[in-house]
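Note that the structure is predicted; figures quoted are calculated from it, not measured. Computed from heavy atoms alone, side chains included, the values below leave out hydrogens, waters and symmetry copies.
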Amino acid sequence: MVDIRAWGSSFPPTRKLYEGDSYLRESNSTLLGYANEKGKRYYIVLSQTIFHPKAGGQGSDTGFIEWTGGQFRVEKALLIGGVVVHYGKLLAGSMPDEGAEVKLAIDWDARYKTMKLHTAGHILDYAVKTVYGRVVETLDAYHSPPEPYVVYHAEPPTLLELKDMERVANDVVAADLPVRAFYVRSSELERAVLNAPNMSRLPEADVYRVVAIEGVNAIPCTGTHVKRTSEVGRILIKAIEDLGGSFKLVYDTS
């Protein structure tokens with residue numbers, strides 16, 4: 001049995017191409033190592049990747065890794081420290097040697113849906129802030145299918161307030177605002193953020209990636225996002241769950 005955490009942490013940090021360009025569907029990379037779990041199932045570490053792991057409130061990408069005479073189905077990607085570990089099944093050929101050049105391709109439709117959902121989650125943070133008249137702390141969030149949600153530290157909204165939240169959110173979508181990511185040092189983070197509800201949940205780091213929606217918010221985030229709010233489509237609030245002093249807002253996009 002592979003001790004995946006010990007094995008994965010033995011590699012240098014993975015260059016995360018998805019942080020620089022969420023729209024990359026394909027890329028080349030170098031295989032740094034692999035470990036067999038059982039049968040045709042392996043863990044793979046690459047020099048760089050377009051596969052976003054399950055982390056930061058976002059689900060894992062899926063897709064394929066290919067090389068001459070071989071194909072591997074990526075079923076999930078894991079984040080171990082700064083290393084992205086790809087897990088899945090060998091579909092054709094045999095595993096290549098370390099140092100081999102490989103081609104990566106993500107399942108784009110699933111990724112793009114998550115990009116829209118993650119940006120929608122940030123927009124909903126603003127809508128909740130607008131309706132409550134203050135930044136409402138988030139306790140948990142998941143911005144991928146099958147059930148995207150955000151948990152807010154506040155008493156649940158009324159039906160009228162829910163309708164206001166949905167209206168504010170879709171006004172932001174309709175405004176077609178630019179969405180961009182940038183990096184700041186920890187000493188500059190407080191000045192860089194705007195209406196960020198997740199500050200209490202941030203892990204310590206020397207450098208932070210911040211995703212900003214112009215005039216709306218700027219939130220520390222490592223996830224993938226669309227370039228403009230209009231790409232999100234209509235934001236729909238599907239359900240509210242009272243958690244006692246907090247509430248879970250379930251949403252979707254169409």
Side-chain angles (χ1 to χ4, degrees), residues 1-67 70-91 93-108 110-111 114-115 118 140-144 181-186 189 198 201-211 220-225:
M1 194 71 173
V2 180
D3 183 344
I4 189 62
R5 293 208 163 271
W7 178 76
S9 62
S10 68
F11 293 93
T14 309
R15 186 182 175 205
K16 302 170 184 65
L17 300 177
Y18 56 82
E19 289 188 352
D21 185 355
S22 297
Y23 291 79
L24 274 178
R25 305 184 190 195
E26 297 182 350
S27 177
N28 296 323
S29 191
T30 302
L31 188 142
L32 300 184
Y34 63 85
N36 180 241
E37 183 197 40
K38 183 180 180 181
K40 293 192 173 186
R41 296 196 167 275
Y42 292 85
Y43 295 97
I44 293 177
V45 172
L46 306 168
S47 61
Q48 60 182 21
T49 190
I50 54 175
F51 288 86
H52 190 290
K54 184 178 181 180
Q58 182 171 316
S60 170
D61 285 323
T62 56
F64 294 92
I65 301 174
E66 298 180 339
W67 54 91
Q71 185 183 55
F72 182 88
R73 174 64 178 172
V74 177
E75 297 174 354
K76 63 180 177 181
L78 317 167
L79 186 63
I80 298 175
V83 178
V84 177
V85 178
H86 309 75
Y87 173 78
K89 184 177 181 180
L90 180 65
L91 300 181
S94 57
M95 294 299 291
D97 295 332
E98 293 179 12
E101 294 300 308
V102 297
K103 182 178 180 180
L104 317 180
I106 59 171
D107 293 328
W108 172 248
R111 154 66 75 78
T114 288
M115 287 164 59
H118 206 149
D140 188 18
Y142 189 68
H143 302 296
S144 292
F182 59 93
Y183 293 86
V184 296
R185 296 187 181 278
S186 58
L189 182 62
N198 64 337
R201 297 190 292 121
L202 282 184
E204 290 188 10
D206 295 328
V207 176
Y208 290 91
R209 181 175 182 263
V210 177
V211 173
C221 178
T222 59
T224 57
H225 290 265

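Within the 3.5 Å criterion, the main-chain N or O of Tyr87 finds no donor-acceptor partner in the side chain of Arg73. Looking at Lys16, its side chain does come within 3.5 Å of a backbone N or O of Thr14 through a donor-acceptor pair.
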Point to revise | Full working for ring pair (Phe, Tyr, Trp, His ring centres under 6.0 Å) between Tyr43 and His86 | key: CA-CA 6 Å; Tyr43 295 97; His86 309 75; over 10 Å; no
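Side chains of Asp206 and Ser186: a donor-acceptor N/O pair is absent below 3.5 angstrom, by distance only. The closest side-chain donor-acceptor pair between Tyr142 and Gln58, if any, does not fall under 3.5 angstrom. If you check the side chains of Thr114 and Ser144, you find a donor sitting under 3.5 Å from an acceptor.
Looking at every heavy atom in both residues, Ser27 comes nearest to Gln48 through OG-NE2, 3.8 Å. The shortest non-hydrogen separation linking Leu90 to Phe72 is N-CD1, 3.7 Å. What you find for Asp97 and Leu31 is that their closest heavy atoms are O-CD2, 4.0 Å. Among all heavy-atom pairs drawn from Ala100 and Pro96, the shortest one is CB-CB, 3.7 Å. In terms of heavy atoms, Ala77 sits closest to Ser60 at N-OG, 2.6 Å. In this structure, Gly8 and Val85 approach most closely via the heavy-atom pair CA-CG2, 4.3 Å.
Contact annotation: the side chain of Ile4 approaches that of Ile80 to within less than 4.5 Å [non-hydrogen atoms, C-beta and beyond].
Salt-bridge formation is not detected for the pair Lys89/Glu75: no Lys NZ or Arg NE/NH1/NH2 atom is positioned less than 4.0 Å from an Asp or Glu carboxylate oxygen.
Of the residues listed (Leu46, Thr30, Ile44, Asn28), the one engaging Val102 in a side-chain contact (heavy atoms from CB on, under 4.5 Å) is Leu46, and it is the only one.
Distance CG/Asp61 to CZ/Arg25: 12.5 Å, rounded to 0.5 Å. If you take CG on Leu104 and CG on Leu24, they are separated by 10.0 Å, rounding to the nearest 0.5 Å. Here the CD1-CD1 distance, from Ile65 to Ile106, works out to 12.5 Å after rounding to the nearest 0.5 Å.
Taking the six-membered ring for Trp and thresholds of 30 and 60 degrees, Tyr34 and Tyr42 have ring planes more than 60 degrees apart, a perpendicular arrangement.
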